[in-house]
Amino acid sequence: MINEIRKAIERKINSFRDKATTKIYSEGIEQNFKEPCFYVKELRTNQNRELGNRYKRGHLYDIHYFPNPNSSTKNADMREMAEILYDQMEYIEVEGRPLMGLDMSHEIIEGILHFFVRYPVHLYKETEPIPVMENLEQQGGLKNG
């Protein structure tokens with residue numbers, strides 16, 4: 001599921017990025033990478049057990065956007081990209097089903113836009129069936145005393 005969510009994020013970015021000039025990195029940023037570009041980083045995943053065999057897992061991502069370093073409007077470009085990400089990352093499609101992004105926020109740190117989004121997933125874990133007990137006969141009576 002983790003890889004499917006990351007791939008869905010990349011597909012969504014591909015739907016609006018300028019493919020001729022903007023690359024997406026997800027396994028790490030190469031030396032001498034070319035800006036503008038995106039880097040999709042999974043920050044944290046947590047899992048909580050719910051009722052029975054049901055679990056809720058949360059996947060937190062940090063989508064980095066590196067603007068063109070030669071642009072005189074880098075900050076404006078990053079703010080505009082943040083607006084696009086808020087709009088576009090609200091829903092991604094994973095395995096043919098929509099997945100809603102929650103807790104979206106952004107910040108600009110040292111000339112890089114960091115856009116945070118969490119995607120919750122509900123899971124059901126199959127378990128071995130519990131053997132059923134056989135019939136138990138019980139006899140009782142009163143003791144005279």
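Since this is a predicted model, take the numbers as computed values, not measurements. Numbers here simply count residues along the sequence, with the first being 1.
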Please determine if K23 forms a cation-pi arrangement with F33, meaning its NZ or CZ atom is less than 6.0 Å from the six-membered ring centre and no more than 45° off the ring axis.
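No, K23 and F33 do not form such a contact.
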Could you measure the distance from the [atom1] atom of [X] to the [atom2] atom of [Y]? Nearest 0.5 Å is fine.
{"X": "T73", "Y": "R79", "atom1": "OG1", "atom2": "CZ", "value": "9.5 Å"}
{"X": "E83", "Y": "D87", "atom1": "CD", "atom2": "CG", "value": "9.0 Å"}
{"X": "H114", "Y": "D62", "atom1": "NE2", "atom2": "CG", "value": "5.5 Å"}
{"X": "T45", "Y": "H59", "atom1": "OG1", "atom2": "NE2", "value": "5.0 Å"}
{"X": "M81", "Y": "Y65", "atom1": "CE", "atom2": "OH", "value": "4.5 Å"}
{"X": "N32", "Y": "K34", "atom1": "CG", "atom2": "NZ", "value": "11.5 Å"}

Are any of the side-chain heavy atoms of [X] and [Y] separated by less than 4.5 Å?
{"X": "I29", "Y": "F66", "result": "yes"}
{"X": "Y124", "Y": "H122", "result": "no"}
{"X": "L113", "Y": "L85", "result": "yes"}

Within 6.0 Å of CD in E107, more than 12 heavy atoms from elsewhere
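Yes, CD of E107 has more than 12 neighbouring heavy atoms, counting only those of other groups under 6.0 Å.
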Neighbour count >12 (heavy atoms, 6.0 Å) for atom NZ, K12
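More than 12 within 6.0 Å, yes.
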For residues [X] and [Y], report the shortest heavy-atom separation together with the two atoms involved.
{"X": "A82", "Y": "F115", "result": "O-CE1, 4.1 Å"}
{"X": "P67", "Y": "E35", "result": "O-CB, 3.5 Å"}
{"X": "L102", "Y": "P120", "result": "CD1-CG, 3.5 Å"}
{"X": "F38", "Y": "R17", "result": "CE1-CB, 4.1 Å"}
{"X": "V40", "Y": "Y61", "result": "CG1-CD2, 4.0 Å"}
{"X": "G101", "Y": "V117", "result": "CA-CG2, 3.7 Å"}

Before you tell me yes or no, could you show the steps for E10 and R6 under salt bridge (charged side-chain N to carboxylate O under 4.0 Å, His left out), namely the whole-Å CA-CA distance, both residues' side-chain angles and the distance that decides it to 0.1 Å?
CA-CA 6 Å; E10 291 177 19; R6 184 186 47 77; 2.8 Å; yes
Would you say R11's side chain and E93's backbone share a donor-acceptor pair under 3.5 angstrom?
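Yes, R11 side chain to E93 backbone: donor-acceptor pair under 3.5 Å.
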[X] and [Y]: same hydrophobic cluster, using ILVMFWY side-chain contacts below 4.5 Å?
{"X": "I9", "Y": "Y91", "value": "no"}
{"X": "I108", "Y": "M104", "value": "yes"}
{"X": "L123", "Y": "L99", "value": "yes"}
{"X": "I24", "Y": "I63", "value": "yes"}
{"X": "V121", "Y": "Y55", "value": "yes"}

Determine whether M89 and F116 satisfy the following criterion, side chain to side chain contact (heavy atoms under 4.5 Å, CB included), listing intermediate values before the conclusion.
CA-CA 10 Å; M89 303 314 291; F116 303 97; over 6 Å; no
Going by atom types only, do D18 and T22 share a side-chain donor-acceptor pair under 3.5 Å?
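Looking only at side-chain atoms, T22 and D18 do not form any donor-acceptor pair under 3.5 Å.
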Which label fits Y86 and H106: parallel for a plane angle under 30°, tilted from 30 to 60°, or perpendicular past 60°?
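Perpendicular: the ring planes of Y86 and H106 meet at over 60°.
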Mind telling me whether Y39 and H64 have parallel, tilted or perpendicular rings, with 30° and 60° as the class edges?
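Tilted: the ring planes of H64 and Y39 meet at 30° to 60°.
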